[in-house]
K.L.:
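First the structure, which I've put down as structure tokens, then a few questions once you've had a look.
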There are 2 protein chains.
Amino acid sequence: MTQSLPDRLTAQMTFLMEADRLKSVNRASRLASGARFENSAEHSWHVALFALTLAEQAPEGCDIGRVIAMLLLHDLVEIDAGDAPVFGAHDGAAMEAAERAAADRIFGLLPADQGAAFRALWDEFEANQTPEAQFAKSLDRFVPPNLNIANDGGSWKDYGVGWDTFESRVGAKIRNGAPGLWDWIAPRARAVIERLAR
Amino acid sequence: MTQSLPDRLTAQMTFLMEADRLKSVNRASRLASGARFENSAEHSWHVALFALTLAEQAPEGCDIGRVIAMLLLHDLVEIDAGDAPVFGAHDGAAMEAAERAAADRIFGLLPADQGAAFRALWDEFEANQTPEAQFAKSLDRFVPPNLNIANDGGSWKDYGVGWDTFESRVGAKIRNGAPGLWDWIAPRARAVIERLAR
């Protein structure tokens with residue numbers, strides 16, 4: 001049974017208006033100015049703009065349009081599951097289950113074919129195996145340290161993050177999909193993190 | 001003279017961190033919940049997600065990747081020029097001049113080749129002549145009425161907008177690049193606008 005066109009569009013609009021709630025999910029990172037915490041919707045725009053601008057840093061053969069699509073979708077699950085700060089303590093398995101349930105519900109609002117296509121992109125991002133997913137995940141990890149540097153410590157200060165923790169939880173993922181960006185950020189991040197620790 | 005790679009990346013990062021300021025530019029439209037005004041960064045994400053989801057509404061031969069790129073960039077000039085509410089009174093020529101000056105400055109932060117490419121995309125969006133620009137512009141006009149419907153009037157209430165004003169300032173642009181979306185929204189918008197006028 002195929003949906004008639006207005007029904008299809010109405011389902012798409014239900015999804016798009018539900019997505020609006022991502023503007024009310026706060027993250028652990030602050031704006032560059034430090035004025036407030038950023039939300040996951042504006043973060044999603046910012047990281048997609050990073051992908052567009054830094055496309056030449058992507059691995060050979062990486063389709064940047066697919067990277068941007070993944071980044072536009074990647075945080076929608078937080079509408080139900082919330083944001084899990086990278087330096088926070090949380091139950092990984094419980095979080096993963098909550099995010100999968102959220103993906104079922106939210107992508108399930110779409111017409112079935114499109115819901116399956118978006119879900120596949122989100123699954124691919126989470127699995128972090130393809131060049132597109134690895135570059136997208138690297139950018140997602142690369143943005144917040146730049147905000148922390150700009151606002152003099154941000155979430156590093158809040159969570160008392162040392163260099164080793166940053167290198168293992170954040171650096172490894174950045175290096176994996178975008179080694180050139182890791183080379184660029186590592187000394188800049190280290191200078192701030194080590195100054196905060198003194 | 002070509003830039004060395006780290007200089008190129010440093011210029012790109014200057015642009016991307018300047019872009020962060022778009023998160024602090026408020027618009028005339030509120031979140032679907034009505035809780036607060038939305039900002040231009042989260043709006044840019046939302047409208048890019050509309051493009052990804054509603055791609056099948058685009059004119060024949062429209063490259064949706066270019067539409068999304070345009071939408072990620074389209075409001076950056078507001079960092080300097082501010083948002084001009086569609087129902088507000090403003091000096092069109094002065095606003096256009098301010099936005100062009102903003103585009104010169106902001107895209108000018110990028111390496112010259114990339115700054116020119118992004119500027120060309122923004123100019124194309126503004127000129128509203130290609131299928132990609134027309135679809136992008138239609139979506140940019142299509143999102144806010146959906147928010148207004150969700151929060152029972154929003155900017156229509158604030159600006160005392162009647163049906164004729166809505167149809168000429170917003171409807172004409174939606175219909176131009178996405179007639180199927182105009183057919184969908186027109187009766188829904190009209191019901192709310194006419195109820196508010198009673």
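Sequence lines set the chain letters: A, B, ... in the order given, protein chains first and strands last, and positions in each chain run from 1.
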K.L.:
Quick one: are A/Leu147 and B/Met17 in side-chain contact, heavy atoms under 4.5 Å?
P.N.:
yes
K.L.:
Return the minimal non-hydrogen interatomic distance between A/Trp45 and B/Ser44, and the atom names on each side.
P.N.:
CD1-CB, 3.4 Å
K.L.:
Are any non-hydrogen side-chain atoms of A/Asn146 and B/Asp20 less than 4.5 angstrom apart?
P.N.:
no
K.L.:
Does any part of the side chain of B/Leu72, heavy atoms only, come nearer than 4.5 Å to the side chain of A/Ile68, both counted from C-beta?
P.N.:
yes
K.L.:
Are A/Met13 and B/Leu54 side-chain neighbours, meaning at least one heavy-atom pair lies under 4.5 Å?
P.N.:
yes
K.L.:
Answer with side chain, backbone, both or neither: which region of B/Arg36 has an atom nearer than 4.5 Å to a non-hydrogen atom of chain A?
P.N.:
side chain
K.L.:
Any side-chain to backbone donor/acceptor pair from B/His46 onto A/Leu16? Under 3.5 Å, distance only.
P.N.:
yes
K.L.:
Please answer: with hydrophobic residues joined when any side-chain heavy atoms are less than 4.5 Å apart, are B/Val25 and B/Leu31 in the same cluster?
P.N.:
no
K.L.:
Which heavy atom of A/Gln114 sits nearest a heavy atom of B/Leu52, and at what distance?
P.N.:
NE2-O, 4.1 Å
K.L.:
Sort B/Ala150 into side chain, backbone, both or neither according to what part of it lies under 4.5 angstrom from a heavy atom of chain A.
P.N.:
side chain
K.L.:
Using a heavy-atom distance cut-off of less than 4.5 Å, which residues of residues 188-198 of chain A contact chain B?
P.N.:
A/Arg188
K.L.:
For chain B, which candidate among A/Arg21, A/His43, A/Glu38, A/Lys23 shows the most heavy-atom pairs at distances under 4.5 Å?
P.N.:
A/Lys23
K.L.:
Between A/Gln12 and B/Glu56, is the side-chain hydrogen bond (donor to acceptor under 3.5 Å, both in side chains) condition met? List the steps.
P.N.:
CA-CA 11 Å; A/Gln12 291 166 323; B/Glu56 64 204 26; 3.1 Å; yes
K.L.:
Less than 4.5 Å to any heavy atom of chain A: does that hold for the side chain of B/Asn39, its backbone, both, or neither?
P.N.:
side chain
K.L.:
Minimum heavy-atom separation for A/Gly180 to B/Leu9, with atom names?
P.N.:
O-CD2, 4.0 Å
